Amino acid sequence: MTTIFSNSEMDDESRRGMIYRGDVFVYSPTRAALELVAFAKELIADAFGSRDPETAQFDMPVEDFAALLAELKPRFIHHPRSKSLLVQVMEELGFPLEQTYFDVPRLRTSTSNHYLDSGISYAYHAHRDCWYAAPFNQINWWLPIFEVVPENVFALHPRYFDRPLRNGSGGYEYGEWQRVSRPTAAQHIHSDTREQPKPEEDFDPEPELRIVTEPGGMLLFSGAHLHSTVNNTSGRTRFSIDFRCVNIDDVRARRAAPNVDAACLGTTLRDFMRCTDLEPMPEELAVAYEAEALVKAG
């Protein structure tokens, strides 16, 4: 069973435990979340100029659209203001900043009618982030920038939270992905040939859980949840922000969601930085996770 908590005032330790059991938390926009969305809108408006970014796909060659995103997305991801506002968002929801580590925020797009489903605007098949070497105590955050509808958000597949699904994660190594595959994202326009972990057996995606929040509303869920990009039939490009965080005490204690089917190598832990001073995750914790992955892989 997956429970959805709306604007819960639960303390953070209890909330993390519920997320590790597959529950989902939804929050109304806070001051910092609205500032983060407003900042993203500024950058988007600068990039698209006089065009409406949600409908620009209908009067731009797809190559030009992909090139625009290739400049816009890194600008948002690496901007100091993005990181600063992210920390404020977590603080407003009661995350302990000294123990909380986060990765850079991502500006995501989902275009309508299969205009651009690969590379820089990849339409994600059903997957767990943990198939991509995410730690099992990872908490995923998702915020829409403009209004969204059920036809252009993403779907959780809660039936599979604790049910294994045969998949290709055993052939995925995070270090190689970082070195070789991720840097080429903008080159994949009409198709995406990069090898990524996918389901390798038929599965029933129903029931799908699609959560629609107002711009700046926040959805928090486990990185172990199976989820996928919805086939966008809305007629509008969806713009959203996502990022991930972990609590270092949980990393040390291995307090986490269950690993039911991930067999990848490596870890994303080195991508995380401390909220208070942007110090990276201690190297010994990343090394320990990598060693465990090797042992499990045999």
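In this text, all values refer to a predicted model and were calculated from it rather than measured experimentally.
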**Student:** Using the six-membered ring wherever Trp is involved, compare the ring planes of F95 and W141 and label them parallel, tilted or perpendicular (cut-offs 30° and 60°).
**Tutor:**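 Correct class here is tilted.
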**Student:** Taking all atoms of both residues into account, what is the closest heavy-atom pair of P53 and T237, and its distance?
**Tutor:**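 Looking at all heavy atoms of both residues, the shortest contact is O-CB, 4.0 Å.
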**Student:** Check whether V104 and I145 end up in the same hydrophobic cluster, where Ile, Leu, Val, Met, Phe, Trp and Tyr are linked by side-chain heavy atoms less than 4.5 Å apart.
**Tutor:**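 Both belong to a single hydrophobic cluster.
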**Student:** Mind checking what makes side-chain hydrogen bond (donor to acceptor under 3.5 Å, both in side chains) contact with D277, not counting sequence neighbours?
**Tutor:**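 D277: side-chain hydrogen bond (donor to acceptor under 3.5 Å, both in side chains) contacts with R274.
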**Student:** What pairs with N231 under side-chain hydrogen bond (donor to acceptor under 3.5 Å, both in side chains), at least two apart in sequence or on another chain?
**Tutor:**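 Once residues adjacent in sequence are excluded, the partners of N231 under the side-chain hydrogen bond (donor to acceptor under 3.5 Å, both in side chains) criterion are H114.
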**Student:** Do you know the tightest heavy-atom contact between P29 and L34?
**Tutor:**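 Scanning both residues completely, I find the closest heavy atoms to be CB-CD2, 3.6 Å.
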**Student:** Could you pull out the closest heavy-atom pair between R236 and Q57, with the gap in Å?
**Tutor:**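 Shortest heavy-atom separation between R236 and Q57 comes out as C-OE1, 4.4 Å.
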**Student:** Check whether the side chains of E151 and N232 place a donor and an acceptor atom closer than 3.5 Å, and report yes or no.
**Tutor:**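 There is no such pair between these side chains.
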**Student:** Report the C-alpha distance between Y174 and Y132 in whole Å, list the side-chain angles of each, state the deciding distance to 0.1 Å, and finish with yes or no for side-chain contact (heavy atoms from CB on, under 4.5 Å).
**Tutor:** CA-CA 7 Å; Y174 184 62; Y132 289 77; 5.8 Å; no
**Student:** Among residues two or more places apart or on two chains, list those pairs meeting side-chain hydrogen bond (donor to acceptor under 3.5 Å, both in side chains) that have a residue in residues 209-224.
**Tutor:**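 side-chain hydrogen bond (donor to acceptor under 3.5 Å, both in side chains) check on residues 209-224 returns E208-R210.
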**Student:** Side-chain contact test, heavy atoms from C-beta onward, threshold under 4.5 Å: evaluate it for L107 versus L69 and give yes or no.
**Tutor:**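 Of all side-chain heavy-atom pairs linking L69 with L107, none is under 4.5 Å.
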**Student:** Check the pair F76 / H79 against side-chain contact (heavy atoms from CB on, under 4.5 Å), numbers first and verdict last.
**Tutor:** CA-CA 5 Å; F76 174 81; H79 200 290; 5.9 Å; no
**Student:** Would one find more than 12 heavy atoms of other residues, nucleotides or ligands at under 6.0 Å from atom CG of N7?
**Tutor:**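 Yes.
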**Student:** Output all residues satisfying side-chain hydrogen bond (donor to acceptor under 3.5 Å, both in side chains) with E283, sequence neighbours left out; order by chain, then residue number.
**Tutor:**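 Expected list: R270.
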**Student:** Are H127 and P197 packed together at the side-chain level, in the sense that at least one heavy-atom pair is separated by less than 4.5 angstrom?
**Tutor:**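 SC-SC contact between H127 and P197 ruled out.
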**Student:** Please check: side-chain N/O of S82 versus main-chain N/O of I77, any donor-acceptor pairing under 3.5 Å?
**Tutor:**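 Flag not set: sc S82 to bb I77 has no pair under 3.5 Å.
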**Student:** Verify, without hydrogens or angle tests, whether T30 (side chain) and A33 (backbone) share a donor-acceptor contact under 3.5 angstrom.
**Tutor:**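 Such a contact is found between T30 side chain and A33 backbone.
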**Student:** For D242 and N140, does a side-chain donor sit closer than 3.5 Å to a side-chain acceptor?
**Tutor:**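 No, N140 and D242 have no side-chain donor paired with an acceptor closer than 3.5 Å.
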**Student:** Would you say H157's side chain and L226's backbone share a donor-acceptor pair under 3.5 angstrom?
**Tutor:**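 Side chain of H157 to backbone of L226, a donor-acceptor pair under 3.5 Å: no, none is there.
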**Student:** Roughly how far, to the nearest 0.5 Å, is the CG atom of L220 from the CD1 atom of I139?
**Tutor:**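 Going from CD1 on I139 over to CG on L220, the span is 6.5 Å.
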**Student:** Side chains of N167 and Y172: do they bring a donor and an acceptor to under 3.5 Å?
**Tutor:**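 No - no donor-acceptor pair under 3.5 Å links their side chains.
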**Student:** What salt bridge (Lys or Arg N to Asp or Glu O under 4.0 Å) pairs are there with at least one residue in residues 30-45, not counting sequence neighbours?
**Tutor:**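 Every pair satisfying salt bridge (Lys or Arg N to Asp or Glu O under 4.0 Å) with a residue in residues 30-45: R31-E35, R31-E92, E35-R81.
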**Student:** Please round to the nearest 0.5 Å and tell me the distance separating atom OG of S112 and atom CZ of R238.
**Tutor:**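 One gets 11.5 Å once the value is rounded to the nearest 0.5 Å.
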**Student:** Within 45 degrees of the ring normal and closer than 6.0 Å to the centroid, is that where the cationic atom of R51 sits relative to F48?
**Tutor:**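 Because its charged atom misses either the 6.0 Å distance or the 45° angle limit, R51 does not stack over F48.
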**Student:** To the nearest 0.5 Å, what is the distance between CG (N113) and OG (S234)?
**Tutor:**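 N113 atom CG to S234 atom OG measures 8.0 Å (nearest 0.5 Å).
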**Student:** Would you check if the distance from the ring center of Y115 to the ring center of F65 is below 6.0 Å?
**Tutor:**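 Yes, they do, as the ring centres are separated by less than 6.0 Å.
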**Student:** Would you kindly confirm whether V149 and V37 end up in one hydrophobic cluster when ILVMFWY residues are joined by side chain heavy atoms under 4.5 Å apart?
**Tutor:**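 The answer is no; the residues belong to distinct hydrophobic clusters.
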**Student:** So how far is it from R75 CZ to I44 CD1, rounded to the nearest 0.5 Å?
**Tutor:**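 One finds 11.0 Å between CZ of R75 and CD1 of I44.
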**Student:** Within the 4.5 Å heavy-atom criterion, are L86 and C275 side-chain neighbours or not?
**Tutor:**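 L86 vs C275: side chains apart.
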**Student:** What's the separation between atom CG in N152 and atom CD in E54, rounded to the nearest 0.5 Å?
**Tutor:**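 If I round to the nearest 0.5 Å, the distance is 8.5 Å.
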**Student:** Might you work through the side-chain contact (heavy atoms from CB on, under 4.5 Å) test for T2 and V24, ending with a clear yes or no?
**Tutor:** CA-CA 7 Å; T2 296; V24 175; 3.9 Å; yes
**Student:** Under 30°, 30 to 60°, or over 60°: which ring-plane class applies to Y160 and F203, parallel, tilted or perpendicular?
**Tutor:**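 Geometry flag for F203 against Y160: perpendicular rings.
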**Student:** Where is the tightest heavy-atom contact between A262 and C130, given as atom of each residue plus distance?
**Tutor:**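 Residues A262 and C130, closest heavy atoms: CB-O, 3.6 Å.
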**Student:** Quick check: closest heavy atoms across R255 and G17, and the distance to 0.1 Å?
**Tutor:**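 The answer is NH2-CA, 3.5 Å.
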**Student:** Sequence neighbours left out, what pairs pass salt bridge (Lys or Arg N to Asp or Glu O under 4.0 Å) with at least one residue falling in residues 3-12?
**Tutor:**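 As it turns out, the salt bridge (Lys or Arg N to Asp or Glu O under 4.0 Å) pairs with a partner in residues 3-12, which skip direct neighbours, are D12-R15, D12-R16.
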**Student:** Do R163 and D261 meet the salt-bridge criterion of a basic N to acidic O distance under 4.0 Å?
**Tutor:**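 Looking at D261 and R163, the cut-off is not met.
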**Student:** With rounding to the nearest 0.5 angstrom, report the CG to CG distance, N137 to L269.
**Tutor:**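 It comes to 7.5 Å.
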**Student:** Start with the C-alpha gap between F102 and L97, add the side-chain angles, then the distance that decides, and say whether side-chain contact (heavy atoms from CB on, under 4.5 Å) holds.
**Tutor:** CA-CA 10 Å; F102 70 100; L97 300 187; over 6 Å; no
**Student:** Hey, any chance V260 and L265 share a hydrophobic cluster, counting ILVMFWY side chains that come within less than 4.5 Å of each other, even indirectly?
**Tutor:**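 No, it is not one cluster - the side chains of V260 and L265 are not joined through contacts under 4.5 Å.
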**Student:** Taking F221 as the fixed residue, which of F5, F25, F161, F154 is the one that meets the ring-ring contact (aromatic ring centres under 6.0 Å, His included) rule?
**Tutor:**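 Going through the options one by one, the only one that passes is F154.
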**Student:** Please answer whether the main-chain N or O of R166 pairs with a side-chain N or O of E200 as donor and acceptor at a distance below 3.5 Å.
**Tutor:**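 Not at all, since once roles are kept as given, no pair shorter than 3.5 Å links the two residues.
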**Student:** Given side chains that start at C-beta, do those of P215 and F239 come closer than 4.5 Å, heavy atoms only?
**Tutor:**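 Side chain of P215 against side chain of F239, heavy atoms only: no contact under 4.5 Å found.
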**Student:** Applying a strict under-4.5 Å side-chain criterion to I, L, V, M, F, W and Y, I'd like to know whether M218 and F39 cluster together.
**Tutor:**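 Same hydrophobic cluster.
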**Student:** Is any side-chain heavy atom of P199 less than 4.5 Å from a side-chain heavy atom of W131?
**Tutor:**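 A side-chain contact exists here, since the closest heavy-atom pair is under 4.5 Å.
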**Student:** Does some side-chain heavy atom of R108 sit less than 4.5 Å from a side-chain heavy atom of S240?
**Tutor:**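 Touching, per the 4.5 Å side-chain cut-off.
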**Student:** Are side-chain heavy atoms of P135 and T268 found at a separation under 4.5 Å?
**Tutor:**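 Side chain of P135 against side chain of T268, heavy atoms only: contact under 4.5 Å found.
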**Student:** Are V287 and Y101 connected in the hydrophobic side-chain network, where two residues link if heavy atoms are under 4.5 Å apart?
**Tutor:**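 No, no single cluster joins them.
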**Student:** Flag the pair H125 / S228 as yes when at least one side-chain heavy-atom distance between them is below 4.5 Å, and no otherwise.
**Tutor:**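 No, their side chains stay 4.5 Å or more apart.
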**Student:** Heavy-atom count check: over 12 atoms from other residues, nucleotides or ligands less than 6.0 Å from E91 CD?
**Tutor:**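 No, because the 6.0 Å sphere around CD of E91 holds 12 heavy atoms or fewer from other groups.
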**Student:** Which heavy atom of G216 sits nearest to which heavy atom of L143, and what is that distance?
**Tutor:**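 Shortest heavy-atom separation between G216 and L143 comes out as O-CD2, 3.9 Å.
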**Student:** Would you say the side chains of Y20 and D250 form a donor-acceptor pair under 3.5 Å?
**Tutor:**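 Yes - a donor-acceptor pair under 3.5 Å links their side chains.
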**Student:** Output, in order, the C-alpha distance, side-chain angles, deciding distance and verdict of side chain to side chain donor-acceptor pair (under 3.5 Å) for T267 and E290.
**Tutor:** CA-CA 6 Å; T267 180; E290 287 177 327; over 6 Å; no
**Student:** Can any side-chain N or O of S84 pair as donor or acceptor with the backbone N or O of P80 at less than 3.5 Å?
**Tutor:**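 Answer holds: no.
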